[in-house]
Amino acid sequence: MIKRAILAVALVVAVVVVVLLVSGGGNSSGGYRIRAIFDNGAFMVNGEQVRAAGANVGTIESVGVSRPGETVAYRHGKPVSVPGKAIIVMSIADPGFQDFRSDASCLIRPQSLIGEKFVDCRPTLPRAPGSPEPPPLKRIPSGQAGAGEYLLPLGNNSTSVDPDLINDIQTLPYSQRFRLILNELGGGLAGRGEDLEVLVKRANPVLRDVDTLFGVLAAQRNQLAQLASDSEAILRPLSRERSHVAGFFANAGASAEASSERGPQLEEALQKFPKFLTEFRLTMNSLQGFSNAATPVFEDLGEAEPSLTDATRTLTPFSEATTVALKSLGNAGEASGPIFREADPVVRKTLDLARSGASPNTELARLFTNLRQTGGWGSLVELIFNTTASVNGFDQYGHFGRTLVTLTNCLDYEGNVGGESGCSARFTGPHHAEPQATSSASLFRLLQREMAEKSGGTAPGSESAEGPTTGLGQANSTEGEAGLGSASKTGGTAPLLNYLLGP
């Protein structure tokens with residue numbers, strides 16, 4: 001069995017040597033060529049396909065083996081030479097994939113069950129929009145093997161394990177042989193953990209990608225922790241309002257459908273959007289100024305908020321009662337409308353009256369102002385008071401009048417030399433007489449006698465009165481004097497008005 005295993009290994013080595021002898025060093029003239037380094041390039045021949053994202057982008061141009069001093073990788077920016085590695089030169093014909101970056105990778109995959117294989121390449125790793133691109137592959141300088149080609153280092157490439165080899169391991173006696181090999185090689189592999197790690201990563205590209213992923217996650221662990229915290233804060237309200245979120249997506253679908261039906265109108269609106277943003281920016285600047293100026297007002301309003309709330313609650317019953325009152329007022333307005341229309345002529349006449357009375361009211365206001373400024377009201381009150389005191393008296397018998405009121409149709413009395421006024425009077429008492437010219441002095445004495453008889457006394461001076469007596473309603477004819485109610489020949493009514501209303 002051991003001989004068979006040694007024979008299989010020798011056969012593989014012979015095939016590799018034959019491939020190297022046939023393929024040569026490759027051609028580096030013209031085109032975009034990638035010089036990819038692999039640990040194993042078994043069964044790779046010229047003309048095999050090179051794929052990217054499932055599409056054929058080029059072909060294998062040559063297959064070779066690295067020699068001593070030939071660069072196959074870079075470590076800390078310095079070239080590393082490892083002889084005995086498979087070199088596959090790929091010609092990329094598709095212009096869209098002629099830009100391999102430093103994070104590019106290639107994997108040898110089986111194409112069929114008869115041993116055909118192809119190279120599956122990824123020009124660069126996916127990245128977030130806006131993130132910086134990694135640098136392109138380094139071009140091999142002139143004077144070195146593969147000058148002008150772009151070197152894809154050994155660490156970026158790997159080879160898949162053929163399914164038939166995996167199936168062979170699970171069958172007897174190969175499974176027993178594999179256990180023996182592992183047991184025998186255990187001692188030789190002891191103390192070479194790092195080398196085994198590199199070997200395992202190269203053997204399985206998934207592990208290599210996982211290691212790269214963990215490295216990226218480790219570098220961004222702070223951002224991931226913040227993302228987890230923010231996600232919890234965001235998802236909690238979303239979970240609480242999941243029914244609304246589901247409704248939002250449903251309505252968003254309907255909105256998207258309606259938007260698609262209004263495509264031309266939306267396009268026209270989007271063309272106007274930049275101008276709208278310019279005007280909106282000016283509006284927001286003005287709003288910012290208003291907000292800064294209104295900050296004290298809103299602060300005071302916040303302090304007054306409890307009082308405003310109480311006032312609003314208190315005004316609720318008043319508002320309800322006001323509704324009834326307004327309805328009643330509306331009904332009253334409808335009922336009083338005809339009345340107001342009928343009263344329109346009266347209102348117009350009242351307006352005319354108000355306009356015509358403007359001038360008299362102005363003069364009356366001036367009169368009242370003059371009376372207040374000159375003390376006329378005080379003089380008028382003094383006149384009334386003094387006049388009342390002069391025409392009324394009080395003694396042991398009671399109140400009596402000092403004046404004699406004469407009922408006559410004479411308005412102005414002008415006494416003559418004989419003491420008669422020349423006016424006719426008619427009295428309705430027991431001593432009435434027919435209208436005739438009567439001496440005012442005799443009439444005055446007669447009235448005093450009657451008053452004395454009623455009071456039980458005698459009239460003073462009833463027998464010794466001499467000469468004509470002048471009473472109220474009778475004026476003396478003395479020159480230079482005038483009775484009450486008559487105008488003076490020299491001063492008119494001015495002295496009387498000056499006394500009553502002030503100078």
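Residues: numbered from 1 along the sequence shown.
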Closest heavy-atom pair and its distance - [X], [Y]:
{"X": "Ser81", "Y": "Gly69", "value": "OG-N, 2.9 Å"}
{"X": "Pro68", "Y": "Pro83", "value": "N-CB, 3.8 Å"}
{"X": "Pro110", "Y": "Phe118", "value": "O-CE2, 3.8 Å"}
{"X": "Pro306", "Y": "Gly302", "value": "CD-O, 4.0 Å"}
{"X": "Ala73", "Y": "Thr71", "value": "O-CG2, 3.5 Å"}
{"X": "Ser66", "Y": "Val72", "value": "CB-CG1, 3.7 Å"}

Between [X] and [Y], does at least one N-O distance fall below 4.0 Å, as a salt bridge requires?
{"X": "Glu70", "Y": "Arg67", "answer": "no"}
{"X": "Arg348", "Y": "Asp352", "answer": "no"}
{"X": "Arg109", "Y": "Asp120", "answer": "yes"}
{"X": "Glu149", "Y": "Arg139", "answer": "no"}

Report yes if some heavy atom in the side chain of [X] is under 4.5 Å from a heavy atom in the side chain of [Y]; otherwise report no.
{"X": "Arg127", "Y": "Pro132", "result": "no"}
{"X": "Lys138", "Y": "Leu151", "result": "no"}
{"X": "Arg341", "Y": "Asp344", "result": "no"}
{"X": "Thr159", "Y": "Leu107", "result": "no"}
{"X": "Arg35", "Y": "Leu152", "result": "no"}
{"X": "Asp230", "Y": "Gln226", "result": "yes"}
{"X": "Ile60", "Y": "Val50", "result": "yes"}
{"X": "Gln288", "Y": "Met284", "result": "no"}

### Task
For Tyr150, enumerate each residue passing the ring pair (Phe, Tyr, Trp, His ring centres under 6.0 Å) test, keeping only those at least two apart in sequence or located in another chain.
Tyr32
### Query
Got a sec, which residues hit ring pair (Phe, Tyr, Trp, His ring centres under 6.0 Å) with Phe280, two or more places apart in sequence or on another chain?
Phe276
To the nearest 0.5 Å, how far apart are [atom1] in [X] and [atom2] in [Y]?
{"X": "Thr278", "Y": "Phe273", "atom1": "OG1", "atom2": "CZ", "value": "10.5 Å"}
{"X": "Leu301", "Y": "Ser307", "atom1": "CG", "atom2": "OG", "value": "11.0 Å"}
{"X": "Met44", "Y": "Glu116", "atom1": "CE", "atom2": "CD", "value": "10.5 Å"}
{"X": "Thr323", "Y": "Lys327", "atom1": "OG1", "atom2": "NZ", "value": "7.0 Å"}
{"X": "Glu305", "Y": "Thr312", "atom1": "CD", "atom2": "OG1", "value": "9.0 Å"}

#### Entry: Criterion side chain to side chain contact (heavy atoms under 4.5 Å, CB included) on Val119 and Met90, from CA distance to verdict
CA-CA 9 Å; Val119 180; Met90 299 175 292; 3.6 Å; yes
### Phe290 and Phe298 aromatic ring geometry - parallel, tilted or perpendicular at 30°/60° bounds
perpendicular
Is it the case that the side chain of [X] and the backbone of [Y] share a donor-acceptor pair, with hydrogens and angles ignored and the cut-off at 3.5 Å?
{"X": "Ser160", "Y": "Ile108", "result": "yes"}
{"X": "Asn157", "Y": "Ile37", "result": "yes"}
{"X": "Ser291", "Y": "Leu287", "result": "no"}
{"X": "Asn370", "Y": "Arg366", "result": "no"}

### Task
Please lay out, stage by stage, how Ile34 and Val89 fare under the test side chain to side chain contact (heavy atoms under 4.5 Å, CB included).
CA-CA 6 Å; Ile34 302 297; Val89 178; over 6 Å; no
### Greater than 12 external heavy atoms within 6.0 Å of Arg262's CZ
no
### Query
With a cut-off of 6.0 Å (strictly less than), are more than 12 heavy atoms of other residues, nucleotides or ligands near CD of Gln223?
yes
### Query
Just checking, Lys85 and Phe38: is the charged tip under 6.0 Å from the six-membered ring centre and within 45° of the axis?
no
### Query
For Thr322, which residues count as a side-chain contact (heavy atoms from CB on, under 4.5 Å) partner, sequence neighbours excluded?
Phe318, Leu326
